[in-house]
There are 2 protein chains.
Amino acid sequence: MNTDATVFIVDDDQAMRTSLQWLIEATGLAVQTYESADAFLASYYPGRAGCLLLDVRMPGMSGLELQSHLKRQGYRLPVILITGHGDVAMAVKAMKAGALDFIEKPFHDEDLLRSIHYALAFDQKHRAHDLARTEIAGRIADLTPREHEVMALVTEGQSNKEIAATLGVSAKTVEAHRARVMEKMRAESLAELVRMALLVASETALS
Amino acid sequence: MNTDATVFIVDDDQAMRTSLQWLIEATGLAVQTYESADAFLASYYPGRAGCLLLDVRMPGMSGLELQSHLKRQGYRLPVILITGHGDVAMAVKAMKAGALDFIEKPFHDEDLLRSIHYALAFDQKHRAHDLARTEIAGRIADLTPREHEVMALVTEGQSNKEIAATLGVSAKTVEAHRARVMEKMRAESLAELVRMALLVASETALS
DNA sequence: GCGGAATTTGGAACAAACACCCATGCGTGC
DNA sequence: GCACGCATGGGTGTTTGTTCCAAATTCCGC
């Protein structure tokens with residue numbers, strides 16, 4: 001398990017916060033509590049690993065609002081919603097918005113803990129992937145327009161000769177661009193370059 | 001919209017089936033109704049485009065059971081669950097299992113129709129992808145064990161020489177296998193082969 | 001055992017890619 | 001103007017991959 005994974009708890013009810021904190025810390029996990037969505041947002045920065053335990057009904061920004069706000073910001077922190085007075089429509093809406101779980105109070109401690117562990121595993125699994133994707137995207141951003149163009153055609157399967165014809169330049173020029181692409185992308189092989197291209201493209205593909 | 005997309009309705013209540021059928025056919029969509037999960041399974045074959053409207057509570061196999069059964073079979077038909085007496089836990093369970101929506105009776109016609117249209121779009125979007133994936137998986141299944149092994153190393157980025165060392169055979173042998181892999185997979189380029197490998201691997205990766 | 005598929009290996013010629021070297025022209029910014 | 005990055009392209013040689021060819025071995029099923 002990720003050693004600096006933290007369970008972030010946002011709930012306006014002091015007693016609930018304390019009780020959740022005790023329960024979760026007893027399993028050896030780090031916990032940070034906040035009494036409002038704004039307090040959490042003021043403290044959280046992307047890159048913090050963990051998961052988010054969120055009360056649905058709170059003064060100010062509600063749990064669902066915070067959830068969609070984080071999603072818009074591109075934060076990937078897994079969200080578990082907790083509610084005292086939930087209904088089916090609310091639960092479905094939250095799950096559609098990407099919540100990992102939607103738990104009604106009162107709940108069984110084991111159910112919540114199981115959900116938290118799943119969320120942490122989910123976060124860890126996606127975090128490495130996202131990091132790699134960001135890294136690769138950064139390298140692509142460093143390519144010149146022409147190099148970017150050549151990389152696209154190379155990863156599409158065209159040979160240097162075909163690319164030269166497509167771009168209306170000599171094969172020699174394509175070779176030069178291609179070599180620079182391999183170097184800048186730190187790709188050891190064409191296969192690796194194709195993998196990189198697909199990795200960053202996979203994000204764009206998810207509507 | 002897909003012209004042969006069909007809305008499959010499974011509900012043990014005759015009146016409900018008829019009412020849903022009228023509602024949906026009025027929008028110009030094809031509908032087929034079944035009075036039980038078994039009746040649906042006896043008639044449905046994968047490849048049929050559309051979506052599935054499923055009553056949760058039915059004699060015999062329940063809607064949730066049919067949903068997980070289809071999932072196990074690898075069928076990707078989008079599922080919309082409908083229930084008269086649902087609770088939050090049931091809705092969350094269904095959504096976790098991949099249902100696109102979970103609707104309580106009584107519902108607004110527009111809500112159901114919106115959900116159906118989303119499901120049909122979802123189905124169409126994923127169907128082409130899944131078809132391609134199945135096609136590629138079929139070709140891979142036709143590879144001999146050795147060819148499969150060589151393909152794995154090739155798409156990993158190893159050169160023929162490296163593969164030869166890995167497998168303990170001559171580079172010449174690897175060339176022969178590689179050529180047969182390209183032919184059997186109908187890949188025009190290494191990039192295409194890598195794409196194929198990643199396409200089928202992406203499914204296995206989704207735990 | 002015999003036929004066939006799978007695996008193995010080699011030769012020769014060719015195409016493609018890579019790795020160096022080099023040079024020129026064109027903007028942008030200091 | 002001059003330096004720098006960018007795009008362009010030529011030469012030369014090596015490495016790698018492809019495409020023909022042919023052939024030996026093993027193992028499985030009929």
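Below, chain A is the first sequence line, B the second, and so on; all start at residue 1.
When the P atom of C:dT7 is taken as reference, atom CD1 of B:Ile163 falls 15 Å away, rounded to whole Å. Protein atom CD of A:Glu147 is 9 Å distant from nucleotide atom C1' of D:dA7, rounded to whole Å. At whole-Å resolution of the value, CD in A:Glu175 and P in D:dG9 are 12 Å apart. Atom CZ in A:Arg146 sits about 9 Å away from atom C1' in D:dT8, given to the nearest Å.
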A:Tyr44 and A:Leu52: CA distance, side-chain angles, deciding distance, side-chain contact (heavy atoms from CB on, under 4.5 Å) verdict: CA-CA 11 Å; A:Tyr44 182 76; A:Leu52 183 54; over 6 Å; no

Working for side-chain contact (heavy atoms from CB on, under 4.5 Å), residues B:Thr33 and B:Phe8: CA-CA 6 Å; B:Thr33 65; B:Phe8 301 94; over 6 Å; no

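Using a 4.0 Å heavy-atom cutoff across all strands shown, A:Thr173 reaches at least one base atom of the nucleic acid.
Residue A:Asn160 places none of its side-chain N or O atoms closer than 4.0 Å to OP1 or OP2 of C:dA16.
Checking each of B:Gln21, B:Arg17, B:Arg57 against B:Asp11 for a side chain to side chain contact (heavy atoms under 4.5 Å, CB included) leaves exactly one that passes, namely B:Arg17.
Nearest to the side chain of A:Arg178, among C:dT9, C:dT7, C:dA17, sits C:dA17. For B:Ser170, the side-chain atoms get nearest to C:dT9 when compared with the rest of C:dT9, D:dG17, D:dG9.
The base of D:dT14 is not paired with the side chain of B:Lys161 by any donor and acceptor separated by under 3.5 Å.
Between B:Ala176 and A:Arg180, the residue whose closest nucleotide on DNA chain D is further toward the 5' end is A:Arg180.
Salt-bridge check for A:Arg76 with A:Asp123: failed, with every basic side-chain N at 4.0 Å or more from each acidic carboxylate O.
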